[in-house]
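Working notes for the structure below.
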Amino acid sequence: MASTSTNVPTITLNDGKTIPQLGFGVFRVEPELTAGVVTDALEVGYRHIDTATGYHNEEGVGQAIAASGIARDDIFVTTKFPNNGEASAADTLRQSLDFLGFDHVDLYLIHWPRPRLGTALSAWQDLIELQREGLTTSIGVSNYRLQDLEQIIGETGVTPAVNQIELHLEFQQRELKKFHEEHGIATESWYPLGGGELSTAPALGEVAKAHGVTPAQAILRWQLQTGNIVIPKSSRRERMAENFDLFGFTLSDAELDALAAIDQGEGGRRGSHPDKL
Ligand SMILES: NC(=O)c1ccc[n+]([C@@H]2O[C@H](COP(=O)([O-])OP(=O)(O)OC[C@H]3O[C@@H](n4cnc5c(N)ncnc54)[C@H](OP(=O)(O)O)[C@@H]3O)[C@@H](O)[C@H]2O)c1
């Protein structure tokens, strides 16, 4: 291996398990390219991979991990249940494990709450059962809104370990993040770099320049220092390395404040709205 992941901090989840705070996402990585891309990411040093049934590339993730020679226990793998009414969580997770070549995943998330189907709660009850069966170590949700979180916690008494949500400089999700902090839910950012459209805010350029880093590195460092789990994606090895090289500089409180001011609230949202899926 070219490098190790020893610099990456871990976050302790509300179930006592740990997750590397910096991981690698594989959304929109073509299935036939995934094994190669994930092999590069592992060689760069990533030990946390984020995939989903909906990405159709779990097989490539599993192949890269199997071929890497790295112990399964040394790599944290997340996948996600679509909750789209097509198949049960139990069948879907078993299919994912088959594709990955694993007997369990480290984190299983419900990809979307699907208010139109009304299955935010029943899917959560299913994940609680799958965790009991040992098919996933930790369980969480993704794109759950405040009302979804209140519902599932209120009805089951089980708090998700993670809520993976769209979160970047323009869309900082203050209200939801506050709820997470109050309830011990770890915040995981998707579109951590803004989905590839990096912020052009002057404050970002100034912060990056002050530290001699790229805007992407400044954004990801901001994500880490504000406590988020972060899973940037790149198909290019040099950018994988750039996005992993975040531990040689620290943003000051004044710089964090300047970046906080880039938030545009709801107007900064770029991805799908959970109300609408
Ligand atoms: N739960 C959900 O609903 C949900 C939704 C979306 C994403 N996710 C997860 O979050 C992960 C990250 O989100 P994302 O992949 O959509 O967006 P992202 O990580 O914010 O951005 C990825 C894009 O940025 C580009 N990029 C990467 N590094 C860069 C750098 N250093 N400088 C400039 N551009 C750079 C990539 O292009 P190249 O590949 O060409 O480098 C790619 O187009 C996904 O892979 C997935 O695992 C989850």
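Order of listing sets the numbers, starting from 1, for every ligand and every atom in it.
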Quick one: does ligand 1 sit under 4.0 Å from the side chain of [X], the backbone, both or neither, non-hydrogen atoms only?
{"X": "E242", "value": "side chain"}
{"X": "A216", "value": "side chain"}
{"X": "N143", "value": "side chain"}
{"X": "S142", "value": "side chain"}
{"X": "N243", "value": "side chain"}

Please could you name the atoms of ligand 1 that [X] approaches to less than 4.0 Å, counting only its heavy atoms?
{"X": "H111", "result": "1 (N), 2 (C), 3 (O)"}
{"X": "S235", "result": "38 (P), 39 (O), 41 (O)"}
{"X": "P192", "result": "12 (C), 13 (O), 18 (P), 19 (O), 20 (O)"}
{"X": "Q164", "result": "1 (N), 2 (C), 4 (C), 8 (N), 9 (C), 48 (C)"}
{"X": "D50", "result": "9 (C), 46 (C), 47 (O)"}

Worksheet item: Is the NZ or CZ atom of R47 positioned over F76's six-membered ring, under 6.0 angstrom from the centre and within 45° of the axis?
Response: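 Judged by the rule, R47 and F76 form no cation-pi pair.
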
Worksheet item: In this structure, which one of N83, I152, D148 forms a side-chain contact (heavy atoms from CB on, under 4.5 Å) with P113?
Response: D148

Worksheet item: Among N163, L176, D275, whose side-chain contact (heavy atoms from CB on, under 4.5 Å) with R145 holds?
Response: D275

Practice prompt. Give the intermediate values and the outcome of side-chain contact (heavy atoms from CB on, under 4.5 Å) for residues I262 and S199.
Written response: CA-CA 9 Å; I262 297 172; S199 171; 4.0 Å; yes

Discussion item. Can a side-chain donor-acceptor contact be found between H211 and E255 if the only test is distance below 3.5 angstrom?
Written reply: yes

Worksheet item: If we ignore angles and hydrogens, is there a donor and acceptor under 3.5 Å between the side chains of N243 and K233?
Response: no

I need the nearest protein heavy-atom contact for [atom]: residue, atom name and distance, please.
{"atom": "atom 43 (O) of ligand 1", "answer": "G196 CA, 4.2 Å"}
{"atom": "atom 20 (O) of ligand 1", "answer": "L193 N, 2.8 Å"}
{"atom": "atom 17 (O) of ligand 1", "answer": "G195 CA, 3.5 Å"}
{"atom": "atom 15 (O) of ligand 1", "answer": "K233 CB, 3.1 Å"}
{"atom": "atom 12 (C) of ligand 1", "answer": "I231 O, 3.1 Å"}
{"atom": "atom 26 (N) of ligand 1", "answer": "R239 NH1, 3.7 Å"}
{"atom": "atom 44 (C) of ligand 1", "answer": "F27 CB, 3.3 Å"}
{"atom": "atom 40 (O) of ligand 1", "answer": "R236 NE, 3.3 Å"}

Discussion item. Below the 3.5 angstrom mark, is there an N/O of R28, backbone or side chain, next to an N/O of ligand 1?
Written reply: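 Among all N and O atoms of R28, none is under 3.5 Å from an N or O of ligand 1.
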
Discussion item. Any nitrogen or oxygen of P232 lying under 3.5 Å from a nitrogen or oxygen in ligand 1? Just yes or no.
Written reply: no

Practice prompt. Kindly check if the number of other-residue, nucleotide or ligand heavy atoms within 6.0 Å of CD (E175) is above 12?
Written response: no

Discussion item. Please determine whether side-chain contact (heavy atoms from CB on, under 4.5 Å) holds for the pair Q21 and H48, giving the CA-CA distance in whole Å, both sets of side-chain angles, and the decisive distance to 0.1 Å.
Written reply: CA-CA 8 Å; Q21 196 182 0; H48 166 185; over 6 Å; no

Discussion item. Can you tell me if G194 contacts ligand 1 (heavy atom of the residue under 4.0 Å from the ligand)?
Written reply: yes

Worksheet item: Does a salt bridge link D40 with R236, judged by any charged N lying under 4.0 Å from a carboxylate O?
Response: no

Worksheet item: Should R269 and H273 be marked as a side-chain contact (heavy atoms from CB on, under 4.5 Å) after you check the CA-CA gap, both sets of side-chain angles, and the distance that decides it?
Response: CA-CA 8 Å; R269 188 191 290 274; H273 196 301; 3.4 Å; yes

Discussion item. Out of Y191, F244, W112, who is nearest to atom 13 (O) of ligand 1 when you count heavy atoms only?
Written reply: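 The nearest heavy atom belongs to Y191.
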
Discussion item. By the definition side-chain hydrogen bond (donor to acceptor under 3.5 Å, both in side chains), identify the one residue from K80, E59, E58 that meets it with S96.
Written reply: E58

Practice prompt. Check whether any side-chain N or O of T34 sits under 3.5 Å from a backbone N or O of G60 as a donor-acceptor pair, and report yes or no.
Written response: no

Item to complete: From the options F81, Y144, Y55, F27, select the one residue that forms a ring pair (Phe, Tyr, Trp, His ring centres under 6.0 Å) with H111.
Response: Y55

